[in-house]
Amino acid sequence: MIYAVLSGFVLALLAPALYRLSARWSGVVFSVFPAILALYFLSHMEAVVGGEAVRVAWPWMPAMGLELSFNLDGLGLLFALAITVVGTLIITYAGSYLHGHPSLPRFYLFILMFMASMLGVVLSDNLIALFIFWELTSVTSYFLIGFEHDKDTARAAALQALLVTGTGGLALMAGVLLMGQIGGSFEISALAADNAALQGHRLYPLVLALVLAGAFTKSAQVPFHFWLPSAMEAPTPVSAYLHSATMVKAGVYLLARLSPVLGGSDIWLYVVTGFGAATMLASAYQALYQTDLKKILAYSTVSVLGTLTMLIGLGDKLAIKAAMVFLMAHVLYKAALFLVAGSIDHETGTRDIRNLGGLRKTMPIICAGAAVGALSMAGLPPFFGFVGKEALYEAVTHGNLPVTVIAVLTSMLLFAVAWLAGIRPFSGAETHTPKHAHDPPWTMWLGPVFLGCLSVLFGFMPVLPEKLLSAAASSVLAKEVHMHLALWHGFNALLVLSLVTFALGVLVYWQLETIKRVTAFALPAVHRGPSHWYALWLRFLNWSAVGQTRVLQNGYLRLYLATIMTVTAVLAWYTFLTYGDVTVVAMDWGDIGVHEWVVGLVALVGAIATVRAQTFLRAVMALGVVGYSVALIFVLYGAPDLAMTQFLIETLSLILFVFVFYYMPPFKRFSRRVVIVRHAVIGTAVGAFFTLLVLVATSVQWHPTISTYFSENSYLMGQGRNIVNVILVDFRGFDTLGEITVLAVAGIGVYSLIRLRLGKGRGS
Amino acid sequence: MEALLAIVIGVLYASGVYMLMRRSIVKLIIGLALLAHGASLLVFTAAGLTRAVPPVIPYGEKAVTGVADPLPQALILTAIVISFGVQAFAMVLAYRAYQTVGTDDLDDMKATDT
C-alpha cells in the first residue's frame, strides 16, 4: 500500500518529462495511473467490507516510536475510491480542458502530487504522517488555485486558501502533538482503542478545539468558509477535484476518522453539530445570490460540507450512516456538475447564468450529464441524491427539531440552487454567448456522464454501494453496523418531508427574485463579515511585520552587535548565577613571578591603550603590544610553536594594518557619550563573564583529558617528535586542510579586491 | 598566574566587544584582532597552564609525560592563522569600501547605492 501512496509522488516528479512524450493525449495517458490505483483499491473491497482492515507499517523513526503506517478500512476505502475514480476522470478531462496551456506539464505535476498527498491523508494511521500529507494537500492546492499565476485574483485566492488552511494546519499540528502526548501514541487505531484517557484529560477541550480548527478551516466551515468560493479562481478541473470531491472533504474525513477518538462527548456534539448546521444553512442561502456557475456550486459544496459535519457531530448510528451515503451522493453529482460548468465555460466562453440558456440543443450530452447531476443534487428520485437525502432526514428526525428544520430549509434551498446550476443554463431560449456552443470532445463529457450513470445506477440499486458504505460507517462508529438502503421506503413521514421540501424548493426557485430581495438584509452578516475579518487580520499581520522589521532589521551593525552581545551576556550570567558553582573560583596571586606580572600588565595596558588611542597608528601600535605580550605568555608556558607563529603573524598583521590603513582618515568621534557608556557596559559584562569562565575552567576538571593519547602515540603512530605538529598534520590533518582552504580563499579575496576596479575598466 | 591571565582575557574580550560596536570600520577590525587574542588566551589558559617543557618527545624516547598540553596548542595555532586570514580580508574589504564610499563610518554605508 505504501507504493500506492508514494508512487504518485514519483510519477508527479516525472510528469513534466513524460508529458513531452505524448502531449496530445497526455490527459488520457496520465489518467491511467489513478485508474490502476482505483482497481488496486477495488481489489481490496472484499476484505474490507468483510470487516478486515488492511494495515501495513514501516518503521519510520524507531527512536521516537514513529512508524509510517497505513490502514485501509471502510472509511479509507470510500475516500480512496473517490480520490482515484474522480481523479481518473478529472485528469482525462483536464488534458482537453487545458489543452495547449503552456503550464500544462506543471499542472500534471501538481495534481498528481495532490492526489498522492490526499491518498496519504485518508490512508495514514499515524497522526504525524497524516498531518504531513494534510499540509502537502494545502501546499499543492496553493499551486493549483494559483495555477493561472499571471492573474492577480488567482494569486490572492491561492494565498487566502493557503493562509486559512495553513493556520488551521498549525492548530491541527498542536492538537496532534497534544493527542500523542496525552494518549501515548500517534497511531489513530491505538488512540481509538483507549479514548477514555484522552477524553477524561483536563486538556481535552483544548485538543478538541485545535483539531476542530484544523478540520473546520480545511472543510470551509463557517466562519472560515469564505476561502472556498474565492478558490474558484482555479481551473475548473481543480475546482471539481479539490474543492468538491476531495480536499475540502479532508476536514470531514478527519472528523469522521477521529470521532472514535475524540467524539461522543457533549462538547463534541454541540460544537460540531452547531458549526455544521450553521454552515449548511448559511452557505445554501448565499448560493442563491451567485450568478457565476462555479460560485453557485462552491457555496452549495460548503453547504454539503456543513451537512456532513453536522451529521458527524450528531454521531449516532443513523447520522453516521447518513453522512456516508450523503458523502458518496455528493461526490457523484458535484464533481459532475463542476465538470459540466467547466465544459460550458470552455465551449461558450462564459459561466454567468444570466447569459446562458437553451444549451440543451447545442450541448446535448453535457445537458444529460448536468440534468442527472442537478436532479440528484435536488434530491429527486430515482437518483442517488434522493437516497442520501432520505438518510439525512431519517437521521435528523431522530435527532432534534432545530436540526430537522435546518436540514429541511437547506434541502429546500439546495433544490433551487440545483435548478439554477444544472437545469437553467440548458432550458429556455438560446442566448448569445461569446463562443458558439457545441458538445466538447469525449474526454470532457466522459466525467459527467460516467458519474451521472453511477448516480442513476446507485439510485435504482442502492444495494450496490451498501456494503462499502456500511464498512465506512463501521470504521467511524468503531463497531460493526449494517445498513439497508432502498429507493422506496413506503409512504411514511420521511417521504412527506421530502415532498414538502420539493414543493418549497419549487416555490423558492419560482419566486427567487422576491426571496432574494426580501432576505437580502442577512447577506452582509454571513457574506461580508468573515472575509472582512480576514482582510483586517491580514492587514494587521503586515503592519506588525513591517513594524518589527523596522525595529529589528534597522541596518545598524552596532545595534545588531549590541543586541547579540547583550543577550549573550544576560543569558550567560543568568545561567552561571543560577546553575554555576561560584565556590570553586579562587584567585591565587601568590604563584606569579615578577616577569609574569610585567608581561600580564603590559598586555592589559596595551588592550586599554588600543581602545583609548586617538590616532590610527597608536591603536595599531598598542594592538602590537598586546599581540607580542600574548606571544610572550606562550613562551613562558611551554608553547614555543605558538609563540613563533604569534610573533610572525603579529608582525605581518601590523605591516598589513599600516600598509592598508595608512591613507584612512584619522579617527573621528562619532558616538555620543551615552552610547559609549552603554557599549562599555555591554563590553564589561561580556569581559567579566569570560574572566569568571577562565577561573572556573581552571579550577575544575570534569572529564579526563584526551591529550595523553596524543603524547603517547605521537611518535609511535605519527612518527614525529613535536607533538603539536603531529596533531596538526596527522591526527587532525583534515582540520589543517580546511584551514589552508580558508586561508587560500581569504587570499583570493584579498587579491581580487585589490585588483577590482569598479567602473574603471577591467583589472587596471 | 591564572588569576592575572583571567583578568587579561576579560579585558581583551571587553575591549574587543567594545571596539566591534564602534562606527568606524577600522576600529571594528581592531576589535576583531583583540577578540582573537582573547580567544587564544582563553583556550590556552582554560586548558591548564604549566611552566613545564614544550610538548616535544626527546630523541631516544617513544613517548613523553609531564610536558605542556599539546592539544590546546594545536587548536590555538589553527585559530591564530585563521584569524589572521579573516583580518587580512576584512582590512582589504574595509579599505576598498572606503575607497568606493569615501567614508569609514558604517552608518554611511547603509545604502547599497553609492
Side-chain angles (χ1 to χ4, degrees), chain A residues 555 557-558 561-562 565 587-589 591-592 596 600 603-604 607 611 616 619 623 626 630 637-640 642 645-646 649 653 656 660-661 664 667 670 679-680 683-684 686-688 690-691 694-695 697-698 707 710-712 715-716 721-724 727-728 735 739 742-743 746 749-750 753, chain B residues 1-4 6-15 17-21 23-24 26 30 33-34 37 40-42 45-46 49-57 62-64 68-71 73-74 76-78 80-82 84-85 87-89 91-93 95-96 98 104-106 110:
Chain A
L557 181 65
R558 62 177 183 285
L561 281 170
M565 291 297 168
M587 301 282 266
D588 183 7
W589 302 99
D591 65 334
I592 307 176
E596 290 167 346
L604 274 182
V611 174
F616 167 67
L623 186 62
V626 176
V630 172
Y637 291 94
L642 285 189
T645 317
Q646 178 71 28
I649 293 281
S653 300
L656 199 62
V660 170
F661 288 142
M664 297 285 274
F667 286 162
F670 288 123
H679 289 173
T684 311
V686 174
F690 276 98
T691 300
V694 174
L695 290 173
T698 49
S707 300
F710 295 114
S711 304
E712 281 165 7
Y715 183 71
L716 296 174
R721 296 189 177 279
N722 185 330
I723 303 170
V724 176
I727 293 176
L728 283 176
D735 282 0
E739 178 194 346
V742 170
L743 270 191
V750 167
L753 274 173
Chain B
M1 188 60 183
E2 281 86 355
L4 180 59
I7 291 171
V8 172
I9 291 164
V11 169
L12 283 173
Y13 266 94
S15 47
V17 168
Y18 175 80
M19 289 297 264
L20 277 187
M21 291 185 284
R23 267 166 72 176
S24 160
V26 181
I30 291 175
L34 286 170
H37 290 319
S40 301
L41 275 186
L42 173 70
T45 316
L49 297 172
T50 45
R51 294 199 178 81
V53 286
V56 175
I57 302 171
K62 295 208 182 316
V64 68
D69 195 339
L71 188 60
Q73 294 195 20
I76 295 168
L77 207 65
T78 310
I80 293 174
V81 178
I82 294 273
F84 170 70
Q87 280 168 40
F89 182 74
M91 272 187 238
V92 176
L93 189 64
Y95 174 62
R96 285 311 312 267
Y98 170 67
D104 68 332
D105 183 357
L106 282 168
K110 276 175 63 183

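These values consider heavy atoms only, across backbone and side chains, with no hydrogens, waters or symmetry-generated copies. A note on names: the letters A, B, ... follow the listed sequences, proteins ahead of strands, and every chain is numbered from 1.
- Minimum heavy-atom separation, L4(B) to G600(A): CD2-CA, 3.9 Å.
- When each of L561(A), L716(A), L623(A) is checked for heavy-atom pairs under 4.5 Å with chain B, L623(A) comes out on top.
- With a threshold of 4.5 angstrom between heavy atoms, M19(B) approaches chain A through side-chain atoms but not through N, CA, C or O.
- Heavy atoms closer than 4.5 Å to chain A are found in the side chain of Q87(B), but not in its backbone.
- If you take CD1 on I57(B) and CG on N722(A), they are separated by 9.0 Å, rounding to the nearest 0.5 Å.
- Considering every non-hydrogen atom in both L71(B) and S707(A), the closest pair reads CB-OG, 3.5 Å.
- Here CG of L695(A) is found 8.0 Å from CD1 of I7(B). Values are rounded to the nearest 0.5 Å.
- Heavy-atom minimum distance, V8(B) versus A603(A): CG1-CB, 4.0 Å.
- Ranking H679(A), R721(A), Q646(A) against chain B, the residue ahead of the rest is R721(A), based on heavy-atom pairs under 4.5 Å.
- For the set G749(A), A639(A), A746(A), the count of heavy-atom pairs under 4.5 angstrom toward chain B peaks at A639(A).
- In this structure, CD1 in I76(B) is found 10.5 Å from OG1 in T645(A), a value given to the nearest 0.5 Å.
- Of the possible donor and acceptor atoms, one in the side chain of Q73(B) sits under 3.5 Å from a partner among the backbone N and O of G638(A).
- To the nearest 0.5 Å, atom OH of residue Y637(A) and atom CG of residue D69(B) are 15.5 Å apart.
- Below 30°, between 30° and 60°, or above 60°: for Y13(B) and F690(A) the angle between ring planes is below 30°, a parallel geometry.
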Walk me through it: do L753(A) and Y95(B) pass the test side chain to side chain contact (heavy atoms under 4.5 Å, CB included)? CA-CA 9 Å; L753(A) 274 173; Y95(B) 174 62; over 6 Å; no

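- Chain A forms more heavy-atom pairs under 4.5 Å with one residue of L42(B), V26(B), L93(B) than with any other, namely V26(B).
- Of the two parts of L642(A), the backbone and the side chain both hold a non-hydrogen atom closer than 4.5 Å to a non-hydrogen atom of chain B.
- In terms of heavy-atom pairs under 4.5 angstrom with chain A, the leader among G85(B), A3(B), A33(B) is A3(B).
- Counting all heavy atoms, side chain and backbone alike, V724(A) lies closest to P70(B) at CG2-O, 3.9 Å.
- Residue A607(A) comes nearest to V11(B) through the heavy atom pair CB-CG1, 3.9 Å, listed as atom of the first residue, atom of the second, then distance.
- Annotation: maximal heavy-atom pairing with chain B below 4.5 Å, among D735(A), V686(A), T684(A), V626(A), occurs at V626(A).
- Summarising the geometry of V17(B) relative to G683(A), their closest heavy-atom pair is CG1-CA, 4.0 Å, with the distance given to 0.1 Å.
- Residue V742(A) touches chain B through its side chain alone, counting heavy-atom pairs closer than 4.5 Å.
- Contacts between L656(A) and chain B at a heavy-atom distance below 4.5 Å involve backbone atoms as well as side-chain atoms.
- The closest donor-acceptor contact from the side chain of D591(A) to the backbone of M1(B) lies under 3.5 Å.
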Would L728(A) and L77(B) count as a side chain to side chain contact (heavy atoms under 4.5 Å, CB included) here? Give the steps. CA-CA 9 Å; L728(A) 283 176; L77(B) 207 65; 2.8 Å; yes

